[in-house]
Amino acid sequence: MSKITFETPVKFVQGKLSKSDTSYFSVRNGKACLTKCYNQYDGGNTPQQQAVRQRFAEVQRLVTAELADPAKREEWEAQFAMQDRHSTLRGFVFAMLYGESS
């Protein structure tokens with residue numbers, strides 16, 4: 001079977017191609033992904049959605065504070081080095097703190 005290698009002048013595409021498009025491109029861990037949105041909801045947030053988003057924002061603030069402290073950052077880096085599930089330090093710290101906050 002033949003192998004085709006494409007080369008383009010574009011590094012990656014991010015966002016929607018048009019305003020009415022239901023799919024969008026995003027970059028995750030350096031790779032471009034195409035995501036299709038079905039049944040887009042255009043209403044407001046439910047109280048449960050607001051609570052989840054507030055929890056997410058709080059954990060994100062905690063992660064930023066933890067990684068800003070050099071002593072705590074070294075501890076997190078040591079724990080991060082011993083695992084192979086998460087690809088970024090920030091993602092690893094977020095997962096650990098998000099699990100503790102539930």
Side-chain angles (χ1 to χ4, degrees):
M1 177 153 280
S2 63
K3 179 180 178 182
I4 299 173
T5 305
F6 292 103
E7 190 172 314
T8 63
V10 181
K11 186 174 181 179
F12 61 85
V13 177
Q14 193 169 1
K16 289 184 174 185
L17 296 178
S18 69
K19 188 174 183 178
S20 61
D21 199 3
T22 59
S23 59
Y24 64 91
F25 292 92
S26 62
V27 178
R28 297 182 190 140
N29 297 327
K31 296 180 183 176
C33 302
L34 176 65
T35 305
K36 186 93 171 149
C37 296
Y38 299 99
N39 301 326
Q40 291 181 331
Y41 178 72
D42 59 355
N45 296 330
T46 65
Q48 185 179 12
Q49 287 173 322
Q50 290 174 349
V52 167
R53 289 179 179 171
Q54 287 173 353
R55 179 177 171 214
F56 183 93
E58 180 59 33
V59 173
Q60 193 70 323
R61 281 190 288 275
L62 289 172
V63 169
T64 302
E66 290 279 321
L67 294 179
D69 183 11
K72 289 183 180 180
R73 185 180 182 93
E74 285 182 21
E75 293 174 16
W76 283 115
E77 286 174 346
Q79 291 179 27
F80 176 70
M82 293 186 298
Q83 61 85 38
D84 59 354
R85 180 176 180 176
H86 302 280
S87 59
T88 63
L89 177 63
R90 178 171 283 280
F92 171 71
V93 175
F94 184 90
M96 297 295 110
L97 294 178
Y98 196 82
E100 290 175 2
S101 70
S102 59

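Index from 1, following the sequence.
Atom CD of Gln48 sits in a sparse spot, with 12 or fewer heavy atoms from other residues, nucleotides or ligands closer than 6.0 Å.
Listed by first and then second residue, the ring pair (Phe, Tyr, Trp, His ring centres under 6.0 Å) pairs that reach into residues 42-71 are Phe56-Phe94, sequence neighbours excluded.
A pairwise comparison of heavy atoms in Arg90 and Val63 identifies NH1-CG1, 3.4 Å as the closest pair. Closest approach of Gln49 to Gly44, counting heavy atoms only: OE1-O, 4.0 Å. Taking each heavy atom of Gly91 and His86 in turn, the nearest pair found is O-ND1, 4.1 Å.
Put simply, CD on Gln79 and CD on Glu77 are 11.0 Å apart, with the number rounded to the nearest 0.5 Å. Atom CZ of residue Phe80 and atom CZ of residue Arg73 lie 10.5 Å apart, to the nearest 0.5 angstrom. Once rounded to the nearest 0.5 Å, the distance linking CG of Leu67 with CG of Leu62 reads 11.0 Å. Note: Leu97 CG to Arg61 CZ = 13.0 Å, rounded to the nearest 0.5 Å.
Relative to the six-membered ring of Tyr98, Arg55 meets both conditions, a distance below 6.0 Å and an angle of at most 45° to the axis.
Between Thr88 and Asn29 there is a side-chain heavy-atom pair separated by less than 4.5 Å.
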